[in-house]
Amino acid sequence: MKNILQNSERPILITGPCSAESRDQLFQTAKQLKESGSVDLFRAGVWKPRTRPDSFEGVGKDGLIWLREIKTALSIPVAVEVANASHVNDALKFGVDVLWIGARTSANPFAMQEIADSLAGVDTVVLIKNPMSPDLELWTGAIERVMRAGVLQVAAIHRGFYTFGKSTYRNPPLWQIPIDLKKRFSNLPLICDPSHMGGSSLFLKELSQKAMDLNYDGLMIESHIDPSSALSDKQQQITPVELRSLIDGLVLRDKEAVTQNGVLGELRTFIDLCDDQLLDVLEKRMELARKIGTYKKENNLTILQNSRWDEIINRVITKGEQRGISPGCVHEVFRSIHQESINHQNNVMNSH
Ligand code: PEP
Ligand code: MN
């Protein structure tokens, strides 16, 4: 099998709809992607793992027939998601070039072992998405099982992790985890899936750029001929034309420079990640402040309750000292955060 993961041109583009829906939808999408040079590997889910029953669960083998036609008619390799041994057998029977394992499956060692056993001695390419939970060991284990089955072309897809509660991205990236994974498997290509990470077409650009800055090998981006009519993941899909302009807008930093930048670059990346996390937490804190504002307004309470401020500042100064952060810094930072919270409460209380 030709090595489709080895590509001197970055990024490798894995694009196509979330799901195969009809022959026409699949063909039109593939044709436009091919014509605009936005596809190295065409993806489409034919068996869809859905969180709740009664959602669209995929077209099954019909999709494999359409993909086989597309592969021949347009000369592009094709990929589907597999979740068990029978999917693997069907996909291989229909000439699917690349198999990917989804986030719900890579989280399950039984399913992973079943898939690995069905792949023994097969010359194919397998892409393994990170499991839903931010667990480096589980992701590593899934990759090891497939590698031990003798599959030579393996890559990891980073699609972000489920977190409890509200977050900007549907599946926050937690970039440290894939960076740590790379340290374990130095030759493992790493592909970013900003579609499932962001959960919205609005975030595709910033997430794709981040992946390029972190030297990822490729992108898996969902593209649909008519996203508004998509049967799954509607909000995050973009048309082939939009995809082309997204790719053209990416700044590809010199790979050598990124590597040479080495330690310092990586440390700076982590600083940026910490700052992003600080901002996420601040956003959540202001949201809580507004909720408190609503409560106080409804119950006729005053905004500033001095005893509460004393309680907050004493608590964080003690905790800060345990972490080696000076009381002066903690005081200054929290005074400012508290003031901002009061402003948010104020706005709520004075709104009509
Ligand atoms: C998909 O790629 O359409 C998919 C279901 O992804 P994930 O496993 O990342 O949720
Ligand atoms: Mn999807």
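Basis for what follows: all heavy atoms, side chains included, without hydrogens, waters or symmetry-related copies. The residues of the chain are indexed from 1 along the displayed sequence. Just so it is clear, the model here is predicted, and its values are computed rather than measured. Each ligand, and each atom within it, is numbered from 1 in the order the structure gives.
Checked for salt-bridge contact, R148 and D117 miss the test: no charged N lies under 4.0 Å from a carboxylate O. A salt bridge between D248 and R244 is present, with a side-chain N of the basic residue lying under 4.0 Å from a carboxylate O of the acidic one. The pair E144-R184 does not count as a salt bridge, with every side-chain nitrogen at least 4.0 angstrom from each carboxylate oxygen. Comment: K129 does not engage E81 in a salt bridge, judged by the lack of any side-chain N to carboxylate O separation of less than 4.0 angstrom. With respect to R308 and E311, a salt bridge is recorded, a charged nitrogen being found less than 4.0 Å from a carboxylate O. A salt bridge does not link K210 with D213: every distance from a Lys NZ or Arg NE/NH1/NH2 to an Asp or Glu carboxylate oxygen is 4.0 Å or more. At a threshold of 4.0 Å, the pair E69-R23 counts as salt-bridged, since one of the basic side-chain nitrogens sits closer than that to a carboxylate oxygen.
Within E222, the N, O or S atom lying nearest to the Mn ion (ligand 2) carries the name OE2. Per residue D233, closest N, O or S atom to the Mn ion (ligand 2): atom name OD2.
Looking at ligand 1, you'll find an N or O of K48 within less than 3.5 Å of one of its N or O atoms. Considering both main-chain and side-chain atoms, A103 comes within under 3.5 Å of ligand 1 through a nitrogen or oxygen pair. Every N/O-N/O distance between E81 and ligand 1 stays at or above 3.5 Å.
Listed by atom number, the atoms of ligand 1 under 4.0 Å from C18 heavy atoms are 3 (O). Interface of K129 with ligand 1, defined as ligand atoms under 4.0 Å from a residue heavy atom, comprises 1 (C), 2 (O), 4 (C), 6 (O), 7 (P), 8 (O), 9 (O). Heavy-atom proximity to R104, at under 4.0 Å, picks out these atoms of ligand 1: 7 (P), 8 (O), 10 (O). Near G102, with a cut-off below 4.0 Å to any heavy atom, the atoms of ligand 1 are 8 (O). The contact set between ligand 1 and H196, taken as ligand atoms under 4.0 Å from a residue heavy atom, comprises 1 (C), 2 (O), 3 (O), 4 (C), 6 (O), 9 (O), 10 (O).
Among all non-hydrogen protein atoms, the one lying nearest atom 2 (O) of ligand 1 is R43 NH1, 2.7 Å. Looking from atom 9 (O) of ligand 1 to the surrounding protein, the closest heavy atom is R159 NE, 2.6 Å.
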(request) Any chance you could lay out the side chain to side chain donor-acceptor pair (under 3.5 Å) test for T15 and S38, step after step, and finish with the verdict? (result) CA-CA 7 Å; T15 57; S38 316; over 6 Å; no

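In this structure a side-chain-to-backbone donor-acceptor pair under 3.5 Å is present from K48 to C18.
Ligand 1 lies less than 4.0 angstrom from a heavy atom belonging to E222.
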